[in-house]
Amino acid sequence: MDKTQSIPTIDLSDFPAQYEKLRRSSEEWGCFRVVNHNIPFELMQEMKKVVRSLLDLPIQIKQNNVDVIAGSGYWAPSPKNPLYEALGLYDMASSQAVHTFCSQLDASPSQRDTVEKYAKAIHEVIMDIGGKIAESMGLKGDYCKEWPCQFRINKYHFTPQSVGSAGVQLHTDSGFLTILQDDENVGGLEVMDKSGEFVAVDPLPGSLLVNLGDMATVWSNGRLHTVKHRVQCKEAKTRVSIATFLLGPKEEAVDPPPELVDSDHPRLYNSFTYEEYRKLRLSTELQAGEALALVRT
Ligand SMILES: O=C(O)CCC(=O)C(=O)O
Ligand SMILES: [Fe+2]
């Protein structure tokens with residue numbers, strides 16, 4: 001692994017100065033850390049505590065967390081990913097959806113309060129970053145305001161026997177962008193740079209990690225990079241992360257803004273909805289961005 005490389009950092013308190021760096025990071029890496037995002041450190045820590053205890057619930061209760069859209073609910077450890085399980089909450093901007101998620105898991109009033117506060121805070125940050133990415137390309141930043149978001153709370157049961165194996169295999173995220181509150185102590189996340197080298201993403205407590213997904217590539221007509229990443233077991237410790245996905249338009253197709261299509265940049269992808277694309281990925285099991293080739297014009 002090339003130790004001289006590391007992913008870029010974007011300071012959210014330093015705009016407009018950081019637009020150029022944001023655009024370059026999104027095109028070259030599809031991944032960056034953000035600092036000064038305004039989510040209180042205490043809220044991030046409190047949320048981690050809550051999700052750890054929700055993931056410690058008996059499996060019978062976790063199974064109440066059923067799918068709302070394909071694959072959005074509880075994932076039990078499986079033969080493919082035996083070290084991994086996850087809880088999910090589709091449409092975290094909806095207080096009804098947050099309420100249902102908390103009820104499914106018998107969350108206490110104080111746990112509910114934390115999940116609600118965190119969902120609201122992280123939703124604001126993801127909309128802000130989504131808007132800034134568009135603005136960094138000279139576009140209006142309000143295109144993603146109504147797009148649904150999903151939480152996924154990931155737990156990796158790393159053991160001495162699993163050191164060296166994969167917690168989650170190489171994949172891209174299917175949506176537009178992801179904010180990850182990674183584990184503040186246990187590393188293991190690796191992103192692939194454009195030359196195919198893996199770059200370790202070491203924990204940086206208090207910061208958030210942003211990944212661009214397949215919808216960013218489609219929406220930007222190929223300009224933004226969907227980043228391949230995986231989680232490796234590096235040490236025998238439980239790892240917990242909270243991913244928030246900004247998916248894509250709910251019903252309309254994921255068409256690029258007209259400014260990004262011209263005779264020098266002909267349209268690269270067909271017109272389809274995010275949900276159609278998500279189903280295509282699930283049915284083909286093409287998880288690392290390869291499904292994009294199936295929807296090329
Ligand atoms: O746990 C992590 O750090 C990464 C999780 C991830 O890539 C995902 O949920 O899509
Ligand atoms: Fe991911």
Side-chain angles (χ1 to χ4, degrees), residues 2 4-39 122-147 149 172-182 189-199 201 204 207-229 243-249 254-269 274 277 288-289 292 296:
D2 183 357
T4 59
Q5 288 243 68
S6 63
I7 59 157
T9 298
I10 301 293
D11 181 348
L12 278 186
S13 70
D14 185 29
F15 276 79
Q18 301 251 309
Y19 275 123
E20 176 58 22
K21 187 175 182 190
L22 176 63
R23 190 182 55 76
R24 252 187 299 116
S25 307
S26 305
E27 291 177 354
E28 298 305 318
W29 283 87
C31 178
F32 46 88
R33 272 215 185 269
V34 292
V35 295
N36 294 325
H37 47 66
N38 281 338
I39 300 186
I122 205 96
H123 187 254
E124 274 173 27
V125 174
I126 207 164
M127 289 298 159
D128 181 38
I129 295 173
K132 283 190 164 63
I133 289 173
E135 286 159 5
S136 79
M137 302 168 81
L139 301 165
K140 287 231 297 275
D142 59 358
Y143 65 101
C144 60
K145 285 281 174 280
E146 306 299 323
W147 295 3
C149 293
T172 58
D173 295 341
S174 63
F176 187 82
L177 67 86
T178 307
I179 291 187
L180 195 71
Q181 182 182 336
D182 47 339
L189 178 63
E190 297 179 348
V191 301
M192 193 185 264
D193 71 13
K194 276 196 175 173
S195 71
E197 294 278 321
F198 281 107
V199 177
V201 181
L204 182 64
S207 71
L208 296 166
L209 188 79
V210 173
N211 287 338
L212 272 62
D214 292 358
M215 285 308 101
T217 299
V218 171
W219 175 87
S220 66
N221 203 24
R223 287 168 176 80
L224 301 175
H225 181 63
T226 178
V227 64
K228 293 190 176 84
H229 54 287
T244 305
F245 303 97
L246 172 60
L247 299 176
V254 198
D255 295 329
E259 294 89 333
L260 301 183
V261 183
D262 57 37
S263 53
D264 289 337
H265 305 91
R267 190 166 165 153
L268 295 180
Y269 298 98
Y274 168 70
Y277 183 72
L292 286 173
R296 289 278 300 216

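Side chains included, hydrogens not; waters and symmetry mates left out as well; all remaining heavy atoms used.
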Would a 4.5 Å heavy-atom cut-off, applied to side chains only, mark [X] and [Y] as touching?
X: Val35; Y: Thr9; value: yes
X: Tyr269; Y: Leu292; value: yes
X: His123; Y: Thr244; value: no
X: Phe245; Y: Asn211; value: no
X: Ile39; Y: Glu124; value: no
X: Pro256; Y: Trp219; value: no
X: Trp29; Y: Val199; value: yes
X: Phe32; Y: Val227; value: no

Exercise. Report, as yes or no, whether the 6.0 Å neighbourhood of atom NZ on Lys228 holds more than 12 heavy atoms from other residues, nucleotides or ligands.
Key: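 Result for NZ/Lys228: open.
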Quiz prompt | Atom CG of Asp262 with >12 non-hydrogen neighbours under 6.0 angstrom | solution =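 Buried by this count: over 12 neighbours within 6.0 Å.
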Interatomic spacing from [atom1] in [X] to [atom2] in [Y] - rounded to 0.5 Å:
X: Leu212; Y: His225; atom1: CG; atom2: NE2; result: 9.5 Å
X: Thr172; Y: Met192; atom1: OG1; atom2: CE; result: 11.5 Å
X: Thr178; Y: Leu209; atom1: OG1; atom2: CG; result: 9.0 Å
X: Ser207; Y: Asp182; atom1: OG; atom2: CG; result: 6.0 Å
X: Lys132; Y: Ser26; atom1: NZ; atom2: OG; result: 12.5 Å
X: Ile129; Y: His37; atom1: CD1; atom2: NE2; result: 9.0 Å

Short side-chain to backbone donor-acceptor contact, [X] and [Y], under 3.5 Å:
X: Gln18; Y: Asp11; result: yes
X: Thr217; Y: Thr226; result: yes
X: Tyr143; Y: Gly130; result: yes
X: Asn221; Y: His265; result: yes

Identify the two heavy atoms, one from [X] and one from [Y], that lie closest to each other, and give their separation to 0.1 Å.
X: Met137; Y: Arg223; result: CE-CD, 3.7 Å
X: Lys194; Y: Glu27; result: NZ-O, 2.8 Å
X: Cys144; Y: Gly131; result: SG-N, 4.2 Å
X: Ser263; Y: Pro266; result: O-CD, 3.7 Å
X: Met215; Y: Tyr277; result: CE-CD2, 3.2 Å
X: Val254; Y: Val218; result: O-CG1, 3.6 Å

Exercise. Hey, could you give me each pair passing salt bridge (charged side-chain N to carboxylate O under 4.0 Å, His left out) that has a residue in residues 135-146? Not counting sequence neighbours.
Key: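 Pairs touching residues 135-146 that pass the test: none.
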Quiz prompt | Given Leu224, Leu268, Leu139, Asp255, the one that forms side chain to side chain contact (heavy atoms under 4.5 Å, CB included) with Leu260 | solution =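 Single pass found, and it is Leu139.
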Quiz item: Does the pair Leu180 and Val201 meet the rule for a side-chain contact (heavy atoms from CB on, under 4.5 Å), with working shown?
Solution: CA-CA 11 Å; Leu180 195 71; Val201 181; over 6 Å; no
